[in-house]
Amino acid sequence: MYGWIWRRLPGNAWVRALISLLLVLAVVYVLFQYVFPWAEPLLPFNDVTVDNGMAVNQ
Amino acid sequence: MRSRTVVRTFSELCVTIGTLLVLFVVYVLYWTGVRADSAMDEELGRLQDRWSSGAVGAAAAPGEQAGEQAGQQQPEGAQPEAGGLPDDPSAPSGGRSDGQSGGGSGDQPGARPGDPSGPARPDAPSRTPPRAGTAGQAPPAGTAPRAGRAFAVMYIPRFGAGWAKPVLEGTGTDLLKRGLGHYERTARPGAQGNFAVAGHRRTYGDPFKDLDELRAGDAVVISDGTTWFTYRVDGRPYRTRPDDTGVIDPVPAASGYRTPGRYLTLTTCEPEWGHSHRLIVWAHLDATSPVSRGRPGALSA
């Protein structure tokens, strides 16, 4: 998988390494900005009220 | 050759999933805290700006309250019309009178916004038993802050000298990422009744991480821009079920309080990393002092 990506990247080894780094950063950004905020409420750390935020719905 | 590809792909997959999990843990334990701390600082800064500019009472609140009341009235507004319908057949004197009675019933909903504010009000601050004598001293009910907006700062010296968190109106999930949440429909700070606040135990800045360390006599200080309210914790933290809304009643049954008073309730999750229970801390109002007289003794000590 990673070898396949590496072979697809253009340029010499340095250019490939740079592009790989950018790709990794992009993936981490997407994870932190979109994927993890979606997944985090599935964990139990948000339940701190005794009415489950009922007051908000009213 | 084929089997080597399979093994390599499988191990790459495992490494990827492992990295994802580590990143997620970093996000939950560290990044949410970074985001929440900056959001809380922002809220605190905005509060200070608002207070220093002199706009202490949220001026926008009354309009919104009226809107909410109008929304609540909808079912009530339907009742007069239903009552008007039987009138129409009973008085078949003419289309004109029908039209007039229709106009009358049309007036009624218009006049009603005044009336239901009576019935509607018990809904909102009903948790504060209306004592005429104390109403003057307490912040007027009309200055209820807008939902989702910070309106006070909480200090708990036990959690550290620098511990200061904004208190926002409402307890929604998104809101609790930016500060502590005040249960709507519970009392205002310092008012007769129960001023109930929820906060994260873990993640999002861990504001109530050490809630279980509060002991009787510990100070919880609230500032709403004009007044310092110093509450003192009573008893030990109380562990209860997640649906035990009685703990934010005006006089919580389990708290040991028996008479109406000015109370404070803090709620968070229990155990620290779970959600099977809730941890509750109660306190009573011990002292108030105007902001102009400087920080209260509980904070300078």
Side-chain angles (χ1 to χ4, degrees), chain A, chain B residues 5 8-9 12-13 15-16 19-20 23-24 26-28 31-32 35 68 72 123 147-148 170-177 180-186 196 198-204 207-208 240-248 265 267-276 278-280:
Chain A
M1 178 168 67
Y2 294 116
W4 182 83
I5 296 175
W6 181 261
R7 285 194 295 275
R8 293 279 143 156
L9 293 175
N12 60 22
W14 287 108
V15 175
R16 288 178 177 185
L18 187 71
I19 296 174
S20 308
L21 188 70
L22 290 179
L23 279 177
V24 168
L25 288 180
V27 168
V28 169
Y29 174 81
V30 168
L31 286 175
F32 271 58
Q33 197 65 29
Y34 301 104
V35 181
F36 290 161
W38 163 82
E40 193 269 343
L42 305 178
L43 293 176
F45 310 133
N46 283 309
D47 303 325
V48 297
T49 62
V50 289
D51 57 3
N52 281 316
M54 293 253 290
V56 173
N57 300 328
Q58 294 183 356
Chain B
T5 310
R8 182 196 288 147
T9 306
E12 280 180 350
L13 214 63
V15 168
T16 306
T19 312
L20 268 182
L23 279 176
F24 187 53
V26 168
Y27 171 83
V28 169
W31 191 244
T32 59
R35 296 290 294 271
E68 275 174 31
Q72 282 178 344
D123 275 345
T171 52
T173 306
D174 286 335
L175 184 152
L176 288 167
K177 297 174 179 175
L180 307 173
H182 170 236
Y183 288 85
E184 290 161 323
R185 295 174 301 161
T186 65
H200 273 286
R201 181 87 174 269
R202 279 300 190 170
T203 71
Y204 292 103
F208 279 170
T240 189
R241 299 184 322 278
D243 58 351
D244 186 6
T245 54
V247 299
I248 58 171
T265 304
T267 75
T268 193
C269 62
E270 164 80 12
E272 207 168 330
W273 294 102
H275 65 160
S276 62
R278 299 289 181 272
L279 198 67
I280 314 295

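All chains are named by letter (A, B, ...) in the order of the sequence lines, taking the proteins before the strands, and each is independently numbered beginning at 1.
Proximity to chain A involves both the backbone and the side chain of Leu23(B), based on heavy atoms less than 4.5 angstrom apart. With a 4.5 Å cut-off on non-hydrogen atoms, Phe208(B) does not touch chain A at all. At a 4.5 Å heavy-atom cutoff, Arg8(B) makes no contact with chain A through either its backbone or its side chain. Contact annotation for Thr16(B): both backbone and side-chain heavy atoms come within less than 4.5 Å of a heavy atom of chain A. Using a 4.5 Å cut-off between heavy atoms, Trp273(B) touches chain A through backbone and side chain atoms alike. Neither the backbone nor the side chain of Leu175(B) comes within contact range of chain A; no heavy atom of the residue lies under 4.5 Å from a heavy atom of that chain. Residue Thr268(B) touches chain A through both its backbone and its side chain, counting heavy-atom pairs closer than 4.5 Å.
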Exercise for the section: I would like to know whether Tyr2(A) and Val15(B) meet side chain to side chain contact (heavy atoms under 4.5 Å, CB included); could you show each step before the answer? Expected result: CA-CA 11 Å; Tyr2(A) 294 116; Val15(B) 168; 5.5 Å; no
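No donor-acceptor pair closer than 3.5 Å links the side chain of Arg201(B) to the backbone N or O of Val48(A). Judged purely by atom type and a 3.5 angstrom limit, His200(B) uses its side chain to pair as donor or acceptor with the backbone of Phe45(A).
When the shell of 6.0 Å around CZ of Arg35(B) is examined, it contains 12 or fewer heavy atoms from other residues, nucleotides or ligands.
Taking Ala198(B), Gly246(B), Cys269(B) one by one and counting their heavy-atom pairs under 4.5 Å with chain A, the maximum is reached by Cys269(B).
Evaluation of the side-chain contact (heavy atoms from CB on, under 4.5 Å) rule for Trp14(A) yields Asn12(A) as partners, not counting sequence neighbours. Considering only residues two or more places apart in sequence or on other chains, His182(B) meets the ring-ring contact (aromatic ring centres under 6.0 Å, His included) condition with Phe151(B), Phe195(B). With sequence neighbours excluded, the residues forming a salt bridge (Lys or Arg N to Asp or Glu O under 4.0 Å) with Glu272(B) are Arg202(B), listed by chain and number.
When each of Val247(B), Asp243(B), Thr171(B) is tested with Val50(A) by the rule side-chain contact (heavy atoms from CB on, under 4.5 Å), just one qualifies, namely Val247(B).
When the heavy atoms of residues 21-44 of chain A are compared with those of chain B, the residues falling under 4.5 Å are Val28(A), Leu31(A), Phe32(A), Gln33(A), Phe36(A), Pro37(A), Ala39(A), Glu40(A), Leu43(A), Pro44(A), listed by number.
Distance check, rounded to the nearest 0.5 Å: OG1 of Thr173(B) to CG of Asp47(A) gives 8.0 Å. Put simply, CD1 on Ile248(B) and OG1 on Thr49(A) are 8.5 Å apart, with the number rounded to the nearest 0.5 Å.
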